[in-house]
Amino acid sequence: MNFICDHTAAFLSEEEYNLYAARHKRALQTVDENAYPSDMLGWVHPEKCASEAICAQIKELAAEIRQNAEVFVVVGLGGSNQGARAVIDALSHTAAPNGPEILYAALNLSAAYYEKLLQKIGDRSVYIHVIAKNFKTLEPGLMFRMFRSYLENRYSKEEAARRIITTPTVGDEALHRISVENEYRYLPFPTDVGGRYSVFTPVGLLPIAVAGIDIDKLVHGACSAAKEYQTGGFVRQAAKRYAITRNALMEKGYNIEAFSFFEPQLEALGRWWRQLFGESEGKNHTALFPVVCSYTEDLHSVGQYLQQGKRQIIETFLHVCTPPTDKKVISESEIEDGFDYLNGKTFHEINECAYKATVKAHSEGGVPCMVVEIDNLDAYQLGELLYFYFIVCYYSSVLLEVDPFDQPGVENYKEEMFRLLGAE
Ligand code: PA5
């Protein structure tokens with residue numbers, strides 16, 4: 001993994017960078033010295049929340065599900081599904097064949113979506129994984145209700161119980177109690193890890209393993225990044241540089257960060273990144289607003305704004321040096337279509353030209369650009385990458401003096417919604 005921020009020099013001088021870093025020395029030190037006061041830092045240690053024993057349990061359960069299920073429904077919202085979706089989509093090309101189709105419930109409150117989901121399941125064999133840290137969120141609560149009666153009607157109560165796996169907080173919430181009372185198998189949601197930091201816990205790892213992706217490699221990548229961070233190596237230095245740069249630029253009037261990539265299978269990863277930064281940092285009327293750009297498609301929409309709209313956007317490209325697959329452009333046709341200059345080139349070569357051209361055009365157009373680069377889209381490197389973003393977000397939130405691990409603003413609409421629904 002590589003972090004490149006040469007292109008920001010024209011927008012943020014070394015002196016401005018150093019001044020910002022010096023003003024926030026104490027905040028940076030609290031992270032560097034493990035002195036940040038929070039009991040939600042369990043994710044810092046993937047070697048513990050994804051220990052060999054936990055991974056072995058997950059793999060055993062996943063093997064059973066892959067054997068028996070044709071569809072696996074992940075019932076969870078926000079941090080309770082984004083990590084799994086991001087990894088499953090990004091690594092789809094590495095997944096073992098013949099596993100169940102992974103579907104997602106509890107993403108919304110749409111009857112049409114739910115009806116379509118049931119239609120998709122049809123008469124195929126189904127297992128569900130219900131994930132909830134506090135089991136107060138309406139969407140997973142509603143969907144679990146619907147799926148519980150669906151499974152009990154379709155199979156027997158006993159067979160439904162075999163097909164329901166849960167990930168509750170053990171001890172202090174209803175989902176755990178329901179699981180124990182009904183003999184559902186459960187893998188605990190660690191108490192010291194919040195939803196959006198949970199991809200290296202059973203929350204993310206069970207669906208990822210069911211999808212046929214190598215969770216050992218993913219966790220090894222995360223653990224190697226964790227070691228780099230804990231020992232002050234590349235991950236710590238690069239994450240700090242990225243966090244300081246983006247916030248120093250914000251102080252200079254930039255309000256938005258675009259997260260851009262040229263491989264569409266990274267779209268769910270983009271949503272994961274958006275949630276991580278949006279929910280962690282967007283408090284106290286501060287922080288960059290995170291947006292996601294999937295190129296080249298979005299170059300033909302918001303690309304126009306990036307190039308010539310209000311100068312308030314910084315952009316970070318996630319660049320995959322070697323794509324999952326490549327293909328040569330061939331044309332046997334004699335038709336004069338004006339695209340002969342593509343003959344003999346590969347899709348990757350063409351995509352690389354689009355990437356380089358975009359970085360150049362956006363930089364020259366007044367967008368401070370940074371690049372996070374990985375060699376390959378494989379489980380190990382993705383594990384490193386996701387952990388790296390956790391650390392960037394952690395430093396960045398602490399620089400902004402916001403708690404990266406709460407989301408009090410999400411409660412406001414909920415209270416009104418519960419009142420309208422007559423909930424107690
Ligand atoms: O990242 C977070 O903490 C949130 O997005 C939660 O994951 C989300 O609100 C769902 O919470 P719960 O798992 O308690 O239903």
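We count ligands from 1, going down the list as the structure has it; atoms in each ligand are counted the same way. Predicted model only: the values in this text are computed from it and were never measured.
Judged by distance alone, the side chains of Y395 and D32 do bring a donor and an acceptor atom under 3.5 Å apart. Between S396 and E281, the side chains place a donor N or O and an acceptor N or O closer than 3.5 Å (distance only, hydrogens not considered).
Looking at every heavy atom in both residues, V292 comes nearest to R271 through CG2-N, 4.3 Å.
When the heavy atoms of E411, E139, R196, Q407 are ranked by distance to atom 1 (O) of ligand 1, first place goes to R196.
With respect to atom 4 (C) of ligand 1, the closest heavy atom belonging to the protein is E279 OE1, 3.4 Å. The nearest heavy-atom contact from the protein to atom 11 (O) of ligand 1 is T137 OG1, 3.6 Å. Of the protein's non-hydrogen atoms, N134 N, 3.0 Å is the one closest to atom 14 (O) of ligand 1. Among protein heavy atoms, the minimum distance from atom 6 (C) of ligand 1 is reached at G79 N, 3.9 Å. Here the protein heavy atom with the shortest distance to atom 8 (C) of ligand 1 is L77 O, 3.6 Å.
In this structure, R241 satisfies the cation-pi test against Y17, with its NZ or CZ atom closer than 6.0 Å to the six-membered ring centre and inside 45 degrees of the ring normal.
Within ligand 1, the atoms closer than 4.0 Å to a non-hydrogen atom of K133 are 12 (P), 13 (O), 14 (O), numbered from 1 in the order shown. Below 4.0 Å from some heavy atom of A132 lie the following atoms of ligand 1, by number and element: 13 (O).
Atoms CD and CZ, on E279 and R196 in that order, are 4.5 Å from each other to the nearest 0.5 Å.
Distances shorter than 4.0 angstrom do not occur between any heavy atom of K136 and any atom of ligand 1.
Within a 6.0 Å radius of CD in E181, other residues, nucleotides and ligands contribute more than 12 heavy atoms.
For F317 and F261, the distance between ring centers is not under 6.0 angstrom.
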